[in-house]
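Every number for a ligand or one of its atoms is a count from 1 in the order of the listing.
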Amino acid sequence: MIIGSHVQMKAPDFLAGSVKEALSYEANALMLYTGAPQNTKRRPLEEMKIDEAQKLMKENGIPMEHMIIHAPYLINPANSVKPEVSELATQFLTSEMQRTAAIGAKYIVLHPGSYTTTDLETGIRTIISCLNGLDIPEGIVICLETMAGKGSEVGFRFEHLAEIIAHMDHPEHFGVCLDTCHISDAGYDVSDFDSVLDEFDRVIGLDRLHIIHLNDSKNECGARKDRHANLGQGTIGFDTLCHIAHHPRTAHIPKILETPYIDGEPPYGREIRMLKEKVFEDMTKAQ
Ligand code: FE
Ligand code: FE
Ligand code: ZN
């Protein structure tokens with residue numbers, strides 16, 4: 001099982017600290033933002049302790065493809081109402097991909113965005129032109145994330161992502177990140193994960209699936225809300241999430257937890273252990 005979580009990247013150890021955090025959870029994968037997710041301020045690469053991070057990855061036998069970058073969520077490539085927003089998306093994504101390449105990572109997760117006051121089809125067209133305007137470095141793959149369909153979000157049907165990828169000038173640079181909370185909120189029944197994978201394969205192609213975000217959901221299937229819950233504390237449930245984590249058809253794909261902190265503490269060490277042992281432990285009770 002390739003399993004990890006969202007980790008922080010902060011002073012003084014930056015990227016090396018991110019790897020250490022992942023190792024403390026006994027993870028063999030990790031995902032991080034290269035700075036604050038809600039803004040575009042970024043540190044110079046020289047300060048990020050990239051060499052030390054790569055050395056730690058190597059010493060622990062974790063391939064660099066298992067270090068995943070998440071683009072900040074303020075990036076909205078679907079916004080055609082304010083041209084400066086999609087312009088910022090193009091600009092920032094270009095620099096973010098250069099950072100991803102410099103770090104030595106391969107996959108960068110991107111939310112397709114929200115169409116705001118226009119409509120779904122316009123949103124999809126806007127995303128296509130934004131992404132086709134990017135100069136993507138060799139070896140970098142942008143993974144479009146499946147979304148819950150909250151507000152005017154694009155990407156709550158596999159068909160949306162398939163349409164975007166079908167229109168890419170360089171489709172080899174694009175893939176998908178499947179978020180279990182988001183697709184459940186979007187109306188897919190994840191308790192029948194084989195059928196979900198069949199549907200994904202039919203619409204997008206399973207060879208495009210590179211990352212799974214493994215989260216429980218606070219809301220019912222189809223609620224289109226996007227509120228993550230700890231494993232076994234939501235409507236998806238531990239058994240289904242554990243089944244997905246160990247599913248043979250996705251064994252080669254990193255699973256990343258983005259579940260909420262409990263009492264200000266990251267739950268990931270315990271959640272990863274629960275998945276490895278296939279035994280549910282009530283996280284809301286004291287250790
Ligand atoms: Fe995301
Ligand atoms: Fe996610
Ligand atoms: Zn989410």
Side-chain angles (χ1 to χ4, degrees), residues 2-9 18 27 29-40 66-78 89 92-93 96-97 100 105 107-114 127 131 141-158 160-161 164 174-188 190 193 196 200 204 208-231 233-236 240-241 244-245 250 253-261 266-268 271-272:
I2 305 164
I3 183 80
S5 69
H6 163 76
V7 293
Q8 292 187 291
M9 203 212 39
S18 307
L30 62 156
M31 184 181 76
L32 57 109
Y33 292 95
T34 62
Q38 68 277 15
N39 69 43
T40 54
H66 296 177
M67 178 189 277
I68 295 150
I69 305 301
H70 198 310
Y73 43 72
L74 94 162
I75 292 293
N76 186 2
F92 185 82
L93 274 173
E96 188 79 330
M97 288 186 304
T100 302
Y107 298 116
I108 168 162
V109 176
L110 175 70
H111 294 183
S114 299
I127 294 163
L131 297 181
V141 174
I142 297 178
C143 294
L144 302 169
E145 183 164 352
T146 59
M147 301 309 290
K150 184 178 65 178
S152 66
E153 273 175 358
V154 179
F156 59 89
R157 297 287 314 165
F158 296 159
H160 304 167
L161 304 183
I164 295 166
F174 291 87
V176 172
C177 165
L178 182 144
D179 186 312
T180 57
C181 166
H182 295 176
I183 64 167
S184 173
D185 278 28
Y188 292 93
V190 293
F193 195 60
V196 170
F200 189 102
I204 301 174
R208 296 267 180 207
L209 180 58
H210 300 306
I211 300 155
I212 291 179
H213 284 170
L214 199 70
N215 303 306
D216 214 327
S217 173
K218 291 196 170 151
N219 293 286
E220 294 300 323
C221 181
R224 295 179 63 165
K225 288 269 200 333
D226 188 7
R227 292 196 60 212
H228 301 190
N230 291 99
L231 302 188
Q233 307 288 351
T235 57
I236 299 174
T240 294
L241 291 164
I244 295 170
T250 63
I253 296 172
K255 325 287 183 313
I256 300 290
L257 301 165
E258 304 174 295
T259 52
Y261 276 34
Y268 307 125
E271 289 187 323
I272 287 170

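Atom CG of Leu214 and atom OG of Ser5 lie 11.5 Å apart (nearest 0.5 Å). In this structure, OG1 in Thr146 is found 8.0 Å from CZ in Phe200, a value given to the nearest 0.5 Å. Ile204 contributes atom CD1, which lies 14.0 Å from atom CZ of Phe174 (distance to the nearest 0.5 angstrom). In this structure, the separation between CZ on Arg208 and CG on Leu178 is 15.5 Å, given to the nearest 0.5 Å. How far OG of Ser217 is from CD1 of Ile183: 11.0 Å, rounded to the nearest 0.5 Å.
Nearest N, O or S atom of Glu258 to the Fe ion (ligand 2): atom OE1. Closest to the Fe ion (ligand 2) among the N, O or S atoms of Asp179 is OD2. When you scan the N, O or S atoms of His70 for the one nearest the Fe ion (ligand 1), you land on NE2. The nearest N/O/S atom of His213 to the Fe ion (ligand 2) is ND1. The closest approach of Glu145 to the Fe ion (ligand 1), by N/O/S atoms, is made by OE1.
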Query - Residues Leu231, Leu257; criterion side-chain contact (heavy atoms from CB on, under 4.5 Å); working and verdict - result: CA-CA 9 Å; Leu231 302 188; Leu257 301 165; 3.9 Å; yes
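Using a 4.5 Å cut-off on side-chain heavy atoms (C-beta onward), Ile127 and His160 make no contact.
Among the backbone and side-chain atoms of His182, no N/O/S atom is found under 2.8 Å from the Fe ion (ligand 1). Among the atoms of Cys181, no N, O or S atom is found under 2.8 Å from the Fe ion (ligand 2).
A side chain to side chain donor-acceptor pair (under 3.5 Å) with His182 is found for one member of His228, Arg224, Glu153 and no other, namely His228.
For the Zn ion (ligand 3), the neighbouring protein N/O/S atoms at less than 2.8 Å, given as residue and atom, are His182 NE2, Asp226 OD1, His228 NE2.
Taking the ring centroids of His6 and Tyr33, they lie under the 6.0 Å cut-off.
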